[in-house]
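Everything below concerns the one structure shown next.
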Amino acid sequence: MKHHLGIGTTAVLARLGITPYRVAEDSMTPALRPDDGLLTMRLHRPRRGTIVVLEHPERPGFILVKRIVGLPGETVAIEDGQVLIDNAPLTEPWAQGHSGRNGRWDVSTSSMFVASDARELTRSDSRSFGPLPIAGTRRVIHVVHRGKTSAVPT
């Protein structure tokens, strides 16, 4: 992720609690593509399907953009490429590709499980490092697709 706004614009957004980012990779295609601009605000309450921006837990300073799949207190499992929430199949209209190897994760009450939309393009999400803390996470509130404004994809 990259920041690309003028100093004055960035200062005004910061006063409003808004942080801009620019997408650098294609792990969230087709919803987000490289060079799409994002405006984010602090995440107060996680909701399934929300696109979030957060720091990589194993690479300080490296920012990820992912989608919330599992909520606090839930058990997330992957069986034969299908995501299950508390043993029930999850409908994911945003997901592209096979969800990967089998696994099971208990999400604490202060954490969430996040995943890429383009599942086969990356494993750098909760499937590899487990649930992540909600604290410090930002939600995407506005997207500019290469110069064209759109609603936040869900």
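Keep in mind that this is a model prediction, so the values were computed, not measured.
Within a 6.0 Å radius of CD in E92, other residues, nucleotides and ligands contribute more than 12 heavy atoms. Counting non-hydrogen atoms of other residues, nucleotides and ligands closer than 6.0 Å to CZ of R33 gives a total above 12.
The pair E79-R101 fails the salt-bridge criterion, with no side-chain N (NZ, NE, NH1 or NH2) lying under 4.0 Å from an Asp/Glu carboxylate O.
For the pair T137 (side chain) and L54 (backbone), a donor-acceptor distance under 3.5 Å is absent. Q82 places a side-chain N or O within 3.5 Å of a backbone atom of L90 that can act as its donor or acceptor partner. In this structure, the side chain of R48 engages the main chain of V69 through a donor-acceptor pair within 3.5 Å. Proximity of a side-chain donor or acceptor of R67 to a complementary backbone N or O of G49 within less than 3.5 Å is detected. Formation of a donor-acceptor pair under 3.5 Å by the R127 side chain with backbone atoms of S99 is found in this model. Within the 3.5 Å criterion, the main-chain N or O of H98 finds a donor-acceptor partner in the side chain of E120. The backbone N or O of S27 sits nowhere less than 3.5 Å from a side-chain atom of D117 that would complete a donor-acceptor pair.
Rounded to the nearest 0.5 Å, atoms CE (M112) and CD1 (I68) are 5.0 Å apart. Between Y21 atom OH and L64 atom CG the span is 11.0 Å, to the nearest 0.5 Å. Of the inter-residue distances, the one linking R138 atom CZ with T40 atom OG1 reads 4.0 Å to the nearest 0.5 angstrom. Note that CG of D26 is 9.0 Å distant from OG1 of T122, once rounded to the nearest 0.5 Å. Rounded to the nearest 0.5 Å, atoms NE2 (H145) and CG (L32) are 6.5 Å apart. Interatomic distance, CG of L132 versus OG of S108, reported as 10.0 Å (0.5 Å rounding).
Using a 4.5 Å cut-off between side-chain heavy atoms of Ile, Leu, Val, Met, Phe, Trp and Tyr, with links allowed through other members, V52 and I134 fall into the same hydrophobic cluster.
Between G130 and W105, the closest heavy-atom pair is CA-CD1, 4.0 Å. Considering all non-hydrogen atoms of both residues, G70 and I85 come closest at CA-CD1, 4.2 Å. Closest non-hydrogen pair, D125 versus V114, comes out as CB-O, 3.5 Å. Nearest heavy-atom pair across I63 and E55 is CD1-CA, 4.2 Å. Between K66 and S116, the closest heavy-atom pair is NZ-OG, 2.8 Å. When every heavy atom of G100 is checked against every heavy atom of I78, the shortest pair comes out as O-CG2, 3.6 Å.
Here the side chains of V23 and L38 are in contact, with some heavy-atom distance below 4.5 Å. When side chains are defined from C-beta on, F129 counts as touching S124, because their heavy atoms get closer than 4.5 Å. V140 places a side-chain heavy atom less than 4.5 Å from the side chain of V53. You'll find the side chain of V76 stays beyond 4.5 Å of the side chain of L84, heavy atoms only.
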Report task. Please lay out, stage by stage, how I18 and I141 fare under the test side chain to side chain contact (heavy atoms under 4.5 Å, CB included). Result -> CA-CA 9 Å; I18 297 170; I141 60 169; 4.3 Å; yes

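R139 and T50 form no side-chain donor-acceptor contact under 3.5 Å, judged by distance and modelled atom types alone. Defined by atom type and a distance below 3.5 Å, a donor-acceptor pair is missing between the side-chain atoms of R104 and T75.
Taking the six-membered ring where tryptophan is involved, the planes of F62 and H56 are perpendicular, since the angle between them exceeds 60° and thus also 30°.
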